[in-house]
Amino acid sequence: MTFGKGCHLHLIDGSAFIFRAYHALPPLTRKSDGLPIGAVSGFCNMLQRYVEGNHGGDVTHVAVIFDKGSHTFRNDLYDQYKANREAMPEDLRPQIPLTRQATEAFNIACKEMEGYEADDIIATLAVQAREAGGRVTIISSDKDLMQLVGNGVEMFDAMKNRSIDRDGVIEKFGVGPERVVDVQALAGDSVDNVPGAPGIGIKTAALLINEYGSLEDLLDRAEEIKQPKRRQTLIEKRDQIELSKKLVQLDCETPLEFTLDDLEVREPDPERLMEFLAKMEFRTLTKRISEKLGVEAPAIPEKTPDTAEEGAPTAEALPFDGEAYECIREIDALTPWIDRIRERGYVAVDTETTGLNEMIAELVGVSLCIDPGKACYIPLTHKDGDADDLFGSDALAEGQIPLEEALAALKPVLEDPSILKIGQNIKYDFKILKRYGIAVSPIDDTMLMSYAMHGGEHGHGMDTLSERYLGHTPIPIKPLLGSGKSAITFDKVKIDDATPYAAEDADVTLRLWQLFKPQLHRAKVTTVYETLERPLVPVLAQMEMHGVKVDREVLSRMSNAFAQKMAGLEAEIHELAGESFNVGSPAQLGEILFDKMSLPGGKKGKTGKYSTPADVLEDLATEHDLPRRVLDWRQLSKLKSTYTDALQTHINPDTGRVHTSYSITGANTGRLASTDPNLQNIPVRSEEGRRIREAFVAEPGNVLVSLDYSQIELRILAHIAQIPALKQAFSDGLDIHAMTASEMFDVPLDEMTPDIRRQAKAINFGVIYGISGFGLARNLRIPRAEAQGFIDRYFERFPGIRAYMDDTVGFAKEHGYVQTLFGRRIHTTEINAKGPTAGFAKRAAINAPIQGTAADVIRRAMVRMPTAIAELPARMLLQVHDELLFEVAEDAVDSLIDAARDVMEGAADPAVKLDVNLVVDAGQGANWAEAH
DNA sequence: CTAGAGCGCTCG
DNA sequence: GTACGAGCGCTCTAGC
C-alpha cells in the first residue's frame, strides 16, 4: 500500500523505550548463562502491549527508530554537545543489539542511521508523511520532538497514557510547536548540554518569543529589552544562542535509505517471534504470546542451578501457586527450613495473629520464604474450628508444633546478626515477636522501600504493591475471617485454609524485596531508606510498646462534667430553637438556622445539606444566641467523645498505659502518623482542652519531659530559600513574627502590637503552606485585596521566597517530585494537572520540602536518641511532629534534658550544614499539661 | 446490620 | 474553588 491520504504512521522512539525498560526493572539475567536481559524483557513487554493495544486501530504504517553511533552532525557544530551524558551502564550495553532483534522478531520495521539521532529520522519521516497527506503519531514523551506537533502530527506519551497535541505543547513550552525551537534555543538544555542563554528558562524564553514573534526578531531587537541583565545576555551571547538553535532544530532532511512504503504494518511471523522469545528464555511472555497467536510455545530449558546467580531475580515471574506452599506441622519439617535460611542468609517472615493490636494480639502462626514460590506456613495456636462446640473451640487443633518448641527453633535465626529478616511492615511482626521474647534483627522492610522510592505515588500496603509490581492480587483475608459481628479471629481459621493465605504473604514479600532492593540505589534513595526509614522501626516499636500512662480517673471525672454541661446546653439550644433536634447533626442544625430562623450565610454541600462549620457559626453568633451555644456544645462533644471517652478504651488492661501505633509511611512528607489512638492531636490550644493532658502522667518518682523544636519550619525555610533577614533574625534570637511584622508594616519592634504581630504570624505560616490571597484573607478575616497586598509586600521584602516557590514548582513539573535537604523524594503526581487540582498540587509541592525536611530532622534525632540516653533512667514515649515526650526519673531530669537537647539540636549534622541554628525548648511536670 | 461518604474538629 | 500535613467520632444513607 502506497503511503498517502488516509494512512496513519506510528513512529516509536526506541531508545526511550529501552531506557524506560532498563530503569523500571531489576537487573534480570538469563537463567542459562547470566546474560543481562532486563531491558530486553521490558522492551518486549512494551512492544507486545503496543501491538495488543493497536489491534483493530487505524494504524497502517509503523516503525521503531533508534539512535546509532555517538557522533552526529551536532558534535561537529559544538564539541560539548551531550558531553556531560553519563556513560551507558555496563549491563545495558549488550542489550542494545538485542532490542533491534526483538523489534525485527515482532516484524516491525526497525530503522536507524549512522550519524543521525533517532529524533532526526522521526522528524524526516513525520514531515514526509504529513506532506503525503497522512496522519502521524509519535510515541515518545521527549520534549525535543514537540516541535513536530501539529498539522496531523501528534505525540503519545505511553507512560502517562495520554496524547500531546498542540495545546499540550503550549502547556509545556508556552508557545506553539513552530516556536518550540526558539524557546529551547534560549532556555538551553542541561541534559543535552545545550548552552542557551544563561539565566533564561523556559518561562522567560516563552515570554520573550511571544512578545517579539521569533528568535531572530528578538535578537535583532535585543536593544529594546528593558531588563538590563537580560538585554546584555541576549546581545553578548547571540552566537551561543544561535548555535543552540541549530543544536535543538531537528533535521527534517535526513537522507533515508528507505521510504514510507517500507513501513507498512506487517503481521507477526509466529515462528520467528517464538524463536526469539525462547532464546531470551522469557517464559511468561512466550506463553502469553503463543496463546494470542494460537501457536505452540517452544520448550525453554529449566535453569541450571550452578550458573544462576544466587538469589538473583529471575527474568520471568513464577506464577503464584497456593498449592505449592508447605504446611509445617512437626519439628522435623521445620529443621530443613532453618538450615536453608542459614545457608542463604536472608528470609522473608510474616506472622499471623488474633488481631491488629500488637500489644494484645496473640501469635497464631509464622510464614517463611526464601525463594519465590517456595514458602511455608507454621501453624502454632490454631484452635479447633468447630464453632458449635463450646469446649472444642478453645482446644488447640491437632498437628501443630508446640509454640515454645517452634519459637525456640526460630529464635536463633530471627536474632542472628548475619541473617536478614525481610518483612512487609515489619514493625508489626517485630512487636509481636518481641512479646514472645524474640528480638528480630537485622531487618529490611518492603513497605519502607516502596515509601522511599515511591512516596506520593501510591499507597504501600501489600495488596497495592503486589498488584502494581508483581501483577498479582493476593488472596483476600475477608472470606477467611468474615466481617462485622460474625467475624472470627485468625486462630479459628482452618489450617488448610490459612496455609495458602499466610505463606503467600511471605512469598509476595520476598518477591517485592528482590525487586526493590536493587532499585533503591538507582532511585537514589538508599541513604534515605537506610538512615531515615529502616532504623526507625526498632525505635518506634520500643516507644509504642512502652506506651504512656493515662489516668483513667481523671478522664472519667472530666467526661461526667462534660456530659452535665452538654445536657444543659442542649436544653438551652432546644429552647432557643423552639423544637427538639439532634445538635450533633449539621444537617438538622442547618435547617433550624437557615430555614426556620432564616439566618444568613447558609451554604449547601455536595450532598445538598447545609454546612455549618465553626467560622460560619462564629459569624452568626452576633445575630443570635443559639450559634454560640452550639459552638460550646460542639467543643464539649469533641472533647468527650474523642478524648475523655475514646481514650479510656485504649488503656491497655495489662500495662495501664496507652500504646499508640506510628505509621512510618502514613504521611507523604515524611512525617509520622499516629493511630489507635492518635496521640498527635491531643488538645492544647484551648484552656478546657488542654486539661485533657492532665490525664497523661508519669509513674510515681518520675516526671514527664517535653522537648520541642522552636519554629523549625520557618528556620528551614530561611535556609532553603536563603532569606538573609530571616536567617539574621534567628541568629539574633529575635521574635520571628514580630520581626516579620516590623519589616512588613514599618513598625519598630518596641511599638509592636499583638494584632500586627498576629497578622505577620499568619503570613509566615501562609508562606510555608504555599500562600494564596484567598487563603490568607479567610484566615485573617480581611478582604481578599488587602490580603493580596500583604503577600505582595512580603514578597517584596523577602524576594527569595518568590524564587523558592517558583523554583520548587518548576522542579516538580520537570521531575515529578520534590526533595528534602536529606534527599527524601516526595512525588507530585498531580503537578501538571489542570483546574483547581493544579493549585492544590503546587501548594503541596511548595510545602513538602519544608515540612519534609523538618520531619527528617526529628527522625534523625529519634534514631540517635536511644543510644544517647541509654545510661539514663529515661524513656522516649511520644513524637508529635516537632516535639518528643520523655518519662524520666525525677533525679535524672536535668541530665535527660541536656542529652536529648544535644541530640535534637544537632540532628541535621553532619549530613546537612544548616545556616540557622536549631533551638529546642524544654518543659517538665507531673503531667503532659505541665510539661508542655 | 454494615460499610462508606461527608462533616466537623483536634493537632503540628 | 484554595491555605500544608494528618486521624477519628458522629450522622446519614445505600445496600444486604
Side-chain angles (χ1 to χ4, degrees), chain A residues 456 478 482-487 581-590 603-617 630-631 633-647 649-650 660-663 665-686 688-690 692-693 708-709 711-713 717 762-780 784 787 791 826 835-852 854-855 858 878-883 932:
Chain A
K478 237 346 193 348
S483 69
K485 274 188 168 177
S486 59
F581 69 100
N582 185 348
V583 185
S585 163
Q588 292 179 33
L589 174 66
K603 282 200 191 124
K604 297 194 176 183
K606 56 181 82 168
T607 44
K609 301 264 175 15
Y610 281 113
S611 149
T612 59
D615 55 344
V616 171
L617 298 186
V630 173
L631 285 168
W633 184 92
R634 276 193 187 165
Q635 185 189 16
L636 295 172
S637 164
K638 180 73 178 181
L639 293 176
K640 182 172 187 295
S641 68
T642 308
Y643 300 106
T644 59
D645 289 353
L647 209 47
T649 70
H650 285 282
T660 184
S661 180
Y662 289 103
S663 165
T665 62
N668 283 336
T669 52
R671 273 193 180 182
L672 302 178
S674 159
T675 65
D676 309 301
N678 181 358
L679 295 185
Q680 292 181 323
N681 70 347
I682 303 301
V684 70
R685 292 174 186 168
S686 77
E688 303 89 319
R690 189 155 50 237
I692 304 278
R693 296 189 174 219
D708 69 287
Y709 284 106
Q711 308 288 5
I712 188 169
E713 293 195 349
L717 174 71
I763 300 167
N764 275 335
F765 276 104
V767 167
I768 292 172
Y769 297 154
I771 202 159
S772 74
F774 185 93
L776 185 64
R778 209 178 56 152
N779 194 282
L780 285 177
R784 186 169 170 171
I791 293 170
I826 297 132
T837 321
F840 281 111
K842 277 185 192 171
R843 292 192 296 270
I846 290 166
N847 173 260
I850 304 169
Q851 187 181 117
I858 199 166
L878 300 177
Q879 188 251 44
V880 192
H881 310 308
D882 65 356
E883 171 190 5
H932 195 271

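Protein chains get the first letters and strands the later ones, always in sequence-line order, with residue 1 at the start of each.
Within the nucleic acid shown, A/Ser772 comes within 4.0 Å of at least one base atom, counting heavy atoms only. Note on A/Ile768: nothing from the nucleic acid sits closer than 4.0 angstrom, heavy atoms only. Across all strands shown, A/Gly605 has heavy atoms under 4.0 Å from sugar-phosphate atoms exclusively, and none from any base. Looking at heavy-atom distances under 4.0 Å, A/Ser663 makes no contact with the nucleic acid at all. Note on A/Asp882: only backbone sugar-phosphate atoms sit closer than 4.0 angstrom, heavy atoms only; bases stay farther off. Nucleic acid contact for A/Ala762: base, since at least one base atom lies under 4.0 Å from a heavy atom of the residue. Residue A/Gly770 is classed as having no contact, given no heavy-atom separation below 4.0 Å to the nucleic acid.
Separation of the P atoms belonging to C/dT2 and B/dG8 is 13 Å when rounded to the nearest angstrom. One C1' atom belongs to B/dG4, the other to C/dA3, and the distance between them is 28 Å to the nearest Å.
The distance from atom NE2 of A/His650 to atom P of C/dG9 is 6 Å, rounded to the nearest whole Å. To the nearest angstrom, P of B/dG8 lies 17 Å from OH of A/Tyr643.
Nearest heavy-atom pair across A/Gln879 and A/Tyr662 is N-OH, 2.9 Å.
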